[in-house]
Structures are given as structure tokens and as C-alpha cells.
Amino acid sequence: MIPRTDSLCQTPSWQEAIANAFVSPEALVDYLELDRSLLPAAHAAARRFGLRVPREFVDRMERGNPQDPLLLQVLPIGAELELRHGFVLDPVGDLAATPAAGILHKYHGRALLITTGACAVNCRYCFRRHFPYQDLSAHLDRWQSALDYLGRDTSIKEVILSGGDPMMITDSRLAELLRALEAIPHLTRLRIHTRMPIIVPQRVTEDILDELRRTRLNTVIVVHCNHARELTRQVCQALKKLEACGARLLNQSVLLKGVNDELETQIQLCESLFDAHVLPYYLHLLDPVQGAAHFNVNKKEAQLLCRLLRQQLPGYLVPQLVYEKAGERSKIPVTL
Ligand SMILES: *Cc1c(COP(=O)(O)O)cnc(C)c1O
Ligand code: SF4
């Protein structure tokens, strides 16, 4: 094999990385040297929710291993087609919490702006896999009604950019959105919920860093990383750059059977996050979304795991185990 050197192998821009993502099960299965017998089920499941994963993320997977914890998060499988009691289309009541196009407002003092419906990766367990983004996401012209809503409700101190993934919009549109948010006097905090720095670290551009240095809003970036192997050297460098620009970095992850439901895996995840200047924030129980039941870890097992985690790690490295329930006024902490 030709050794990788920087001159031979330039990192593609983030847009190229998104454009060149794997979207076909064949291409992914062949690239990872997996058994082609996986394909019929992958195709059937991908018809419900498409496969999408950038090569940057695939290159962290182990070739020939169908149980790779990163692969399990993105490969469509037959189990997704099984209907399971209690696993539904809109498990967290998002459709009932939309007071203006592109806004989800469920909790006091903070409102979520659906910046875009797009994501760099399709995570099989995602609670939004059935979400009708086309109708609700705030497009260029449609941020206005979301901004009007935020401007009217003076109880909102924090705006949460979410989606989809808010870092899927261009730097100039992001800058434009931040300017509009900064003009709302009662907003003091900006939170960005994004998986992009983990999936495609080159998304952390100089322009984004400049915006973070410049904004008057006190900024928190909540990344989404489920396994220590997601944290490559490039990812850690990108995270440290974000932090160096004054943003507080937190991580949320989802507890997933076969991916990160072992004690040693969680310890490695929390410690690796800290090395990258990120504090664990939430560990979510799976939202009971149709098609994701095979990822479910029940509450008892999750409690035990977190109790043991508390014994192994300092308190500040233990994420809070939570779940979301439609109609509640906050995420619900699971007592250990
Ligand atoms: C999860 C969520 C939040 C943020 O909750 P925190 O506990 O503040 O992290 C805000 N709004 C909506 C609609 C949410 O789903
Ligand atoms: S990046 Fe987040 S919103 Fe997008 S598919 Fe994955 S879990 Fe869902």
C-alpha cells in the first residue's frame, strides 16, 4: 500500500466530505470488506431511512468486523423493520411543541431552533428518523418566523441551534443567523447541538472560530459522540480549537446496545472526551422510536452501568443518565 502522506492525500473540504459520503450499502459493505449477505436487509431498511456516512467516519471502523461499534450506528439492518410495542414515530412529542415554523419550545428559558433538517450522517437510532423536516425546518426565508418568536418571548435566554445538524449550513449563513440572534436583547446564551466536529472535523473552519471569538453570546457547544474510537487526533484538535475560542464543550451520547453499553467502553469514552477538553453532559436512554428497538438498553441495566461508572470515575466525568418524555418540562434524570 502507498503510505499516506500529506502531499498525496489532502484532506477534502467539509463540503466535499459531505458530498462524497457513502449512501449505498454496496459501497460501504465492499469498502469495509464485509460479507455481501448483509445487503438485502440493508437495502430494505435503507428504503425507510437512507444510509449516509462520510468516509472520514468510516475510516475509523475496523475492516471485516460487522459488529464494529461505529458501523452499528450507521448500517441499516433487518431488525429496523420489526415493529415493537411502544416504539413509535414521534416518541418525544415534537410535533406538539412547535409554536412557530422551525421552533421547538418545551422547556423554560430555552428554545430550540431547527436550523436545517440535514445531517452529515444518518444515525440508525435517531429519534428524528421519521420527523417531517421538510415542513418544519426553517429555510433561508423561514428563519424569520422563528426569529420573530424568539424576539417576542422575553423569557427565552438561550437559543439552541439544532436540527438536523446546524453545522450543515454554510459559514456565511451561520454568521447571518448569529447576527440576527445577537440582535435579540434578552438572548444571553447560544447553544449549538452538533455532531459535525466528530463526524467531519474539518467542518471546524477558521470562519466558525472567528464567529465564536466575536459573538457576545455565551456559547456552549454540545457534541454527540458515542464511542472513544470516534475521537481521532483530528477530531480532538478540532474540539480543542473550538474550546480555545471561548466555547464550553459538552458531550451528549445515547446508550446503545452493542455500541457503548459496557462499563469499560463508557470509561474510555468519558476519559477520552476529557482529554479533548469536553465534559460528559447527558447519557440518553434510547428514545423509543420505531425501527431502533434493537439498540434498547433497559432502565435497570442503565442504572447499574452508571452506578459502576460513578465508582470508577470522578463525579465530573460521569454524564447524567436521562430520558425524554412527551409533555414533560425537562429531560428526566434517572436516579441511580
Ligand atoms: C433537550 C431539549 C432542550 C435542552 O434541554 P437541557 O436539559 O437544557 O439540555 C431544550 N429544548 C428541547 C425542545 C429539547 O428537546
Ligand atoms: S447527527 Fe444527530 S440528528 Fe443527525 S441523524 Fe445523527 S443523531 Fe440524528
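As the structure lists them, so they are numbered: ligands from 1, and atoms in each ligand from 1. Positions are given from 1 along the sequence.
Under 4.0 Å from ligand 1, not a single heavy atom of His105 appears. Residue contacts with ligand 2, taken as heavy atom pairs separated by less than 4.0 Å, do not involve Arg129 at all.
Residue Leu112 has at least one heavy-atom neighbour below 4.0 Å for each of these atoms of ligand 1: 11 (N), 12 (C), 13 (C), 14 (C). Near Cys119, meaning under 4.0 Å from any of its heavy atoms, are these atoms of ligand 2: 1 (S), 3 (S), 4 (Fe), 5 (S).
At a cut-off of 2.8 Å, Cys126 is counted among the residues with an N, O or S atom near atom 8 (Fe) of ligand 2.
The pair Glu301-Lys257 meets the salt-bridge criterion, with a side-chain N (NZ, NE, NH1 or NH2) lying under 4.0 Å from an Asp/Glu carboxylate O.
Of the residues listed (Val58, Ile18, Val74, Ile198), the one engaging Val121 in a side chain to side chain contact (heavy atoms under 4.5 Å, CB included) is Val74, and it is the only one.
Polar contact check, Tyr107 against ligand 1: no nitrogen or oxygen pair lies under 3.5 Å apart. Considering backbone and side-chain atoms together, Tyr281 places an N or O closer than 3.5 Å to an N or O of ligand 1.
Aromatic ring pairs are classed by plane angle as parallel below 30°, tilted from 30° to 60° and perpendicular above 60°; the pair Tyr149 and His105 is perpendicular.
Given atom 14 (C) of ligand 1, the protein heavy atom at minimum distance is Lys331 NZ, 3.1 Å.
Chaining together hydrophobic side chains whose heavy atoms lie under 4.5 Å apart places Phe87 alongside Leu72, Tyr125, Val254, Leu256, Val259, Leu286, Phe295.
Residue Val121 places a heavy atom less than 4.0 Å from ligand 2.
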